[in-house]
Amino acid sequence: MNMNYEQRRQKLLEDKSGPCMVLIFSGRAPMRSADESYSFSVDRNFYYLTGIERENMILVMTKDMAGNCAEMLYIEPFDEVKAKWVGARMRAHEATEISGIKDIRYLEDFDSAVNSFVERTRGEGKMTFYLDLWKYTSTQAPTPAHEFAHKEQKDYPAAAIEEIFGEIAKMRAIKSDAEIEKMRVAQETTRQAIEAMMKYAYPGVNECALEGAFDFELSKHGVREHAFPSIVAGGKRATTLHYNTNNQNVQDGELVLIDLGSANEHYCADISRTFPVNGKFTERQKEVYNIVLGAQQLVIDNARPGMTYLDLNNMVIKYYEEELPKIGLLKDGKTVRDYYYHSVSHSLGLDCHDVTTPSLKTLRPGMVITVEPGLYIEEEGIGVRIEDDIIITEEKAINLSSNILKTVEDIEALMKK
């Protein structure tokens with residue numbers, strides 16, 4: 001058992017006034033087609049608090065008016081028939097061993113247990129349910145937390161429902177040494193796979209084949225989990241930020257922009273590199289590339305606690321305003337934003353774009369963020385992005401990706417046929 005899980009749960013509950021109930025759902029895989037479902041991916045907040053990655057589980061923490069706290073985990077009962085078909089469900093002792101939660105119950109008892117707790121607290125203060133109700137878009141399908149909130153609003157109209165997303169986001173923003181180590185492992189397997197991809201590249205290769213070279217190298221190291229769907233964009237397609245069709249041939253003389261990463265126990269690496277498919281940069285490609293590399297190094301060298309994401313991005317824009325005219329850009333009324341139309345950093349952790357709130361836009365020691373400046377010159381078919389992942393410390397930023405080659409000279413040396 002990792003004791004951090006218990007400490008995280010205690011921290012989440014400690015400032016709550018009873019009577020209250022905190023509920024975090026592990027989630028479930030949606031159906032894809034006919035009798036096939038999508039692969040299950042655990043709710044990262046549930047995983048952060050339990051270390052368990054199984055479907056249809058519910059973490060419940062309670063506090064009564066006297067301040068007495070309890071925690072329990074609701075799981076599916078073991079089914080011998082299903083075990084033969086799809087594998088065994090987690091048993092109670094296994095859930096306790098991983099999470100440290102001793103009170104393991106079955107889902108069939110969940111509704112009655114919620115009702116029992118509400119009844120016991122009736123007349124002792126306003127009952128509050130704390131849930132993670134965050135949505136990325138308004139059209140996103142309801143989660144089990146949304147379904148529970150809807151039900152409880154009807155069953156217990158006097159109870160309050162409070163959002164807990166922001167509290168967990170603040171906890172997740174500061175990474176422990178153990179979390180950093182998991183991310184270092186993801187960085188290393190990503191490095192190995194990027195080098196394998198570069199060595200495999202040749203003029204005319206399909207983007208899908210390059211992606212396959214990356215995936216195969218990860219598989220050779222026993223890694224199946226990606227931080228996000230890989231971007232492999234050749235030539236002009238690299239000027240589309242989130243291009244991920246990955247099915248076109250890359251012609252001789254074109255650059256390939258890759259944005260990808262492995263994950264280790266769900267902790268992500270997020271790396272971008274740009275390389276010539278034939279192994280040799282042209283002079284024009286080289287001067288564009290080195291400006292992007294200079295912008296990235298500027299941010300890495302200067303990122304400190306107290307700075308904001310906006311500060312870092314403005315640093316890149318100012319640098320580009322000075323450098324781009326030297327290579328013939330920013331003419332005819334064009335600005336930096338015509339060639340660089342995203343931000344330089346985002347948080348990284350259990351999610352590639354790790355959970356955050358407006359209050360977390362100021363850098364603090366222990367945060368892990370990306371540094372990913374780019375330049376996109378559509379009329380020349382050139383798209384360059386270079387991305388590393390850094391830890392913010394009291395003194396300086398530490399580059400987790402420092403072993404992943406990125407200079408023109410190192411890339412050309414690796415790819416030399």
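Residues D389 and I369 have side chains not in contact (no heavy-atom distance under 4.5 Å, counting atoms from C-beta outward). Residues E195 and L405 meet the side-chain proximity criterion, which asks for heavy atoms closer than 4.5 Å. Under the 4.5 Å side-chain criterion, counting only non-hydrogen atoms from C-beta, D64 is not in contact with R120. Within the 4.5 Å cutoff, side-chain heavy atoms of L23 are placed close to those of M21.
The closest donor-acceptor contact from the side chain of R8 to the backbone of L49 lies at 3.5 Å or more, if one exists at all. Not one N or O on the side chain of E94 forms a donor-acceptor pair closer than 3.5 Å with the backbone of M90. Remark: the backbone N or O of D301 is paired with a side-chain donor or acceptor of R304 at under 3.5 angstrom. E167 places no side-chain N or O within 3.5 Å of a backbone atom of I164 that could act as its donor or acceptor partner. A distance-only check finds no donor-acceptor pair linking the side chain of E211 to the backbone of N246 [under 3.5 Å]. Of the possible polar contacts, none joining the E163 side chain to the Y130 backbone as a donor-acceptor pair under 3.5 Å is found. Side chain of K16 to backbone of T62: no donor-acceptor contact under 3.5 angstrom is found. Side-chain atoms of S116 do not come within 3.5 Å of backbone N or O of S112 as any donor-acceptor pair. Although no hydrogens or angles enter the test, the distance criterion places no donor-acceptor pair under 3.5 Å between the side chain of K406 and the main chain of I386. Without hydrogens or angle criteria, N302 side chain to L298 main chain gives a donor-acceptor distance under 3.5 Å.
Within 6.0 Å of atom CZ in R224, 12 or fewer heavy atoms from other residues, nucleotides or ligands are found, so the atom counts as exposed in its surroundings. Annotation for E119: atom CD counts as buried by contact number, over 12 foreign heavy atoms lying within 6.0 Å. Within 6.0 Å of atom NZ in K236, 12 or fewer heavy atoms from other residues, nucleotides or ligands are found, so the atom counts as exposed in its surroundings.
Side-chain contact, S345 with T370: no donor N or O sits under 3.5 Å from an acceptor N or O. Judged purely by distance below 3.5 Å, without hydrogens or angles, the side chains of E179 and Y267 pair a donor atom with an acceptor atom. Using a 3.5 Å distance cut-off with no hydrogens or angles, the side chains of T96 and H93 do not pair a donor with an acceptor. Judged purely by distance below 3.5 Å, without hydrogens or angles, the side chains of D311 and T308 pair a donor atom with an acceptor atom. Residues T407 and D410 have side chains that bring a donor and an acceptor to within less than 3.5 angstrom of each other. For the 3.5 Å distance criterion, the side chains of E378 and T239 fail to qualify, holding no donor opposite an acceptor. No side-chain donor from either of D252 and Y202 sits under 3.5 Å from a side-chain acceptor of the other. Checking S347 against T356 by side-chain atom types alone, no donor-acceptor pair falls below 3.5 Å. A donor atom on one side chain and an acceptor atom on the other are found under 3.5 Å apart for H342 and Y376. For the residue pair N206 / Q248, no side-chain donor-acceptor distance below 3.5 Å is found, with atom types taken as modelled.
Between D354 and K175 there is a salt bridge, with a side-chain nitrogen of the basic residue lying less than 4.0 Å from a carboxylate oxygen of the acidic one. The pair K126-E162 does not count as a salt bridge, with every side-chain nitrogen at least 4.0 angstrom from each carboxylate oxygen. At a threshold of 4.0 Å, the pair E188-R191 counts as salt-bridged, since one of the basic side-chain nitrogens sits closer than that to a carboxylate oxygen. For E207 and R237, the salt-bridge test passes: some basic side-chain N is under 4.0 Å from an acidic carboxylate O. Classification of K416 and E412 as a salt-bridged pair fails, no side-chain N sitting under 4.0 Å from a carboxylate O. Under 4.0 Å is where a charged nitrogen must lie from a carboxylate oxygen, and between R172 and D351 at least one such pair does.
Rounded to the nearest 0.5 angstrom, I300 CD1 and S402 OG are separated by 9.0 Å.
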Stepwise side chain to side chain donor-acceptor pair (under 3.5 Å) test for Y48 and N4: CA-CA 9 Å; Y48 181 76; N4 281 341; over 6 Å; no

Criterion side chain to side chain donor-acceptor pair (under 3.5 Å) on N56 and Y74, from CA distance to verdict: CA-CA 8 Å; N56 296 325; Y74 288 85; over 6 Å; no

Candidate pair I392 and R364, rule side-chain contact (heavy atoms from CB on, under 4.5 Å), full reasoning: CA-CA 7 Å; I392 302 300; R364 296 162 54 193; over 6 Å; no

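Ring centroid separation for the pair F281 and Y289 comes in under the 6.0 Å cut-off. Ring-centre distance between F46 and F25: not below the 6.0 Å cut-off.
The only option from R105, R89, K82, R91 that meets the salt bridge (Lys or Arg N to Asp or Glu O under 4.0 Å) definition with E76 turns out to be R89.
Pairs passing the salt bridge (Lys or Arg N to Asp or Glu O under 4.0 Å) check and including a residue from residues 259-274, sequence neighbours excluded, read K182-E265, D259-R385, R273-D388. Contacts classified as side chain to side chain donor-acceptor pair (under 3.5 Å) and involving residues 25-39 (residues at least two apart or in different chains) are given here: R28-E147.
Residues satisfying the salt bridge (charged side-chain N to carboxylate O under 4.0 Å, His left out) test with E71, not counting sequence neighbours, are R9.
Classified by interplanar angle (parallel below 30°, tilted 30° to 60°, perpendicular above 60°), the ring pair F148/F110 is tilted.
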